[in-house]
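Heavy atoms only: backbone and side chains are in, while hydrogens, waters and symmetry mates are out.
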Amino acid sequence: MPFWLMKSEPAELSIADLQRLGQARWDGVRNYQARNFLRGMQVGDLFFFYHSSCAVPGIAGIARIERAAYPDPSALDPHSHYFDAKASSEKNPWSAVDVAFVEAFPEVIRLPQLKAQSALTALPLVHKGSRLSVMPVSTDEWQAILALR
DNA sequence: GCCAACGTTGGC
DNA sequence: GCCAACGTTGGC
């Protein structure tokens with residue numbers, strides 16, 4: 001079963017929010033590379049929930065894919081922050097998935113700690129300037145990160 | 001608030 | 001198809 005990592009701004013959706021909600025739609029991805037990874041996800045896949053653009057950037061927990069990729073409704077909603085005027089219900093280039101809460105770590109695994117792991121040098125997340133918000137995580141990387149909990 | 005890195009747009 | 005300009009991401 002493949003593993004992934006996805007970034008979310010906790011002001012938008014945090015691991016605590018997902019814990020409270022149980023489930024949520026993961027929408028608003030507007031980058032083709034990230035979208036293609038979204039489309040590769042299968043129900044049951046696990047991912048690390050990363051908090052970005054916040055006081056303590058890092059991995060905050062684990063969640064699971066509950067529904068595989070489908071056309072992202074937020075692209076069609078004029079009131080949405082993620083509205084895309086070029087998208088239509090016939091031709092919507094963007095994808096969303098549904099996710100479910102699995103686990104919140106007792107403490108966020110902070111970015112500097114992740115960057116210090118030699119097992120994670122290939123992970124785009126730790127690369128300076130990397131903006132990719134959805135990425136695959138190898139089994140070895142998954143285990144290395146789990147060991148930091 | 002700053003700024004480096006990156007993706008996208010659009011003129012040519 | 002090139003590439004400069006621009007907008008966005010995201011750590012600090």
Side-chain angles (χ1 to χ4, degrees), chain A residues 2-21 24-41 45-65 68-138 140-149:
Chain A
F3 299 115
W4 309 91
L5 182 147
M6 296 208 279
K7 296 180 184 175
S8 177
E9 299 187 15
E12 288 289 317
L13 181 76
S14 69
I15 191 75
D17 293 333
L18 184 59
Q19 182 165 22
R20 179 170 41 80
L21 296 167
R25 168 180 292 155
W26 202 281
D27 60 13
V29 172
R30 295 291 178 269
N31 167 282
Y32 287 105
Q33 197 184 355
R35 181 209 64 183
N36 291 342
F37 285 133
L38 271 187
R39 291 182 175 179
M41 293 177 176
D45 286 359
L46 298 176
F47 68 92
F48 286 124
F49 194 119
Y50 181 87
H51 283 176
S52 68
S53 295
C54 59
V56 185
I59 296 174
I62 298 173
R64 185 178 60 238
I65 303 303
Y70 57 96
D72 182 350
S74 71
L76 307 178
D77 176 6
H79 301 297
S80 169
H81 177 62
Y82 303 113
F83 178 66
D84 178 358
K86 285 179 279 187
S88 65
S89 51
E90 295 76 27
K91 211 170 180 208
N92 184 347
W94 304 117
S95 297
V97 294
D98 290 350
V99 307
F101 175 81
V102 173
E103 174 182 345
F105 295 157
E107 286 180 54
V108 172
I109 303 171
R110 298 173 182 233
L111 183 58
Q113 194 182 357
L114 295 167
K115 285 184 170 173
Q117 306 302 314
S118 57
L120 301 180
T121 51
L123 191 65
L125 180 76
V126 303
H127 297 168
K128 184 179 160 83
S130 172
R131 292 161 41 177
L132 188 62
S133 63
V134 181
M135 68 192 77
V137 173
S138 73
D140 287 350
E141 289 164 343
W142 184 266
Q143 295 302 334
I145 293 168
L146 280 187
L148 300 174
R149 275 182 301 180

Taking salt bridge (Lys or Arg N to Asp or Glu O under 4.0 Å) as the definition, give me every residue that meets it alongside R30(A), ordered by chain and number, with sequence neighbours left out.
D72(A)

List, with names and distances, any nitrogen or oxygen atoms from the protein found under 3.5 Å away from nitrogen or oxygen atoms belonging to nucleotides 10-12 of chain C.
{"unit_1": "dG10(C)", "atom_1": "OP1", "unit_2": "K7(A)", "atom_2": "NZ", "d": "3.1"}
{"unit_1": "dG10(C)", "atom_1": "OP1", "unit_2": "R131(A)", "atom_2": "O", "d": "3.0"}
{"unit_1": "dG11(C)", "atom_1": "OP1", "unit_2": "Y50(A)", "atom_2": "OH", "d": "2.7"}
{"unit_1": "dG11(C)", "atom_1": "OP2", "unit_2": "S53(A)", "atom_2": "N", "d": "2.9"}

note: E12(A), atom CD; dT8(C), atom C1'; distance rounded to Å ~ 15 Å

Going by the angle between their ring planes, with limits at 30° and 60°, are H51(A) and F49(A) parallel, tilted or perpendicular?
perpendicular

Return each pair, listed once, that meets salt bridge (charged side-chain N to carboxylate O under 4.0 Å, His left out) where at least one residue sits in residues 117-128 of chain A; pairs must be two or more places apart or across chains.
none

N36(A) CG to dG7(B) P, straight-line distance once rounded to whole Å
13 Å

Which pairs of donor and acceptor atoms, one on a side chain in residues 100-115 of chain A, lie under 3.5 Å apart (sequence neighbours left out)?
{"unit_1": "E103(A)", "atom_1": "OE1", "unit_2": "R149(A)", "atom_2": "NH1", "d": "3.3"}
{"unit_1": "E103(A)", "atom_1": "OE2", "unit_2": "R149(A)", "atom_2": "NH1", "d": "2.8"}

Residues at least two apart in sequence or cross-chain that pass side chain to side chain donor-acceptor pair (under 3.5 Å) with N92(A), listed by chain then number, are none

Between dT8(B) (P) and Y32(A) (OH): distance, integer Å
7 Å

Between P of dA4(B) and NZ of K128(A), the distance in whole Å
8 Å

In chain order, what residues pass the side chain to side chain donor-acceptor pair (under 3.5 Å) check against Y32(A), with sequence neighbours excluded?
none

Under the salt bridge (Lys or Arg N to Asp or Glu O under 4.0 Å) test, residues paired with D17(A) that sit two or more places apart:
R20(A)

Under 4.0 Å from any atom of DNA chain C, heavy atoms only: list the residues of residues 80-97 of chain A that qualify, in numerical order.
none

Pairs flagged by salt bridge (charged side-chain N to carboxylate O under 4.0 Å, His left out) wherever residues 84-94 of chain A is involved - sequence neighbours left out
none

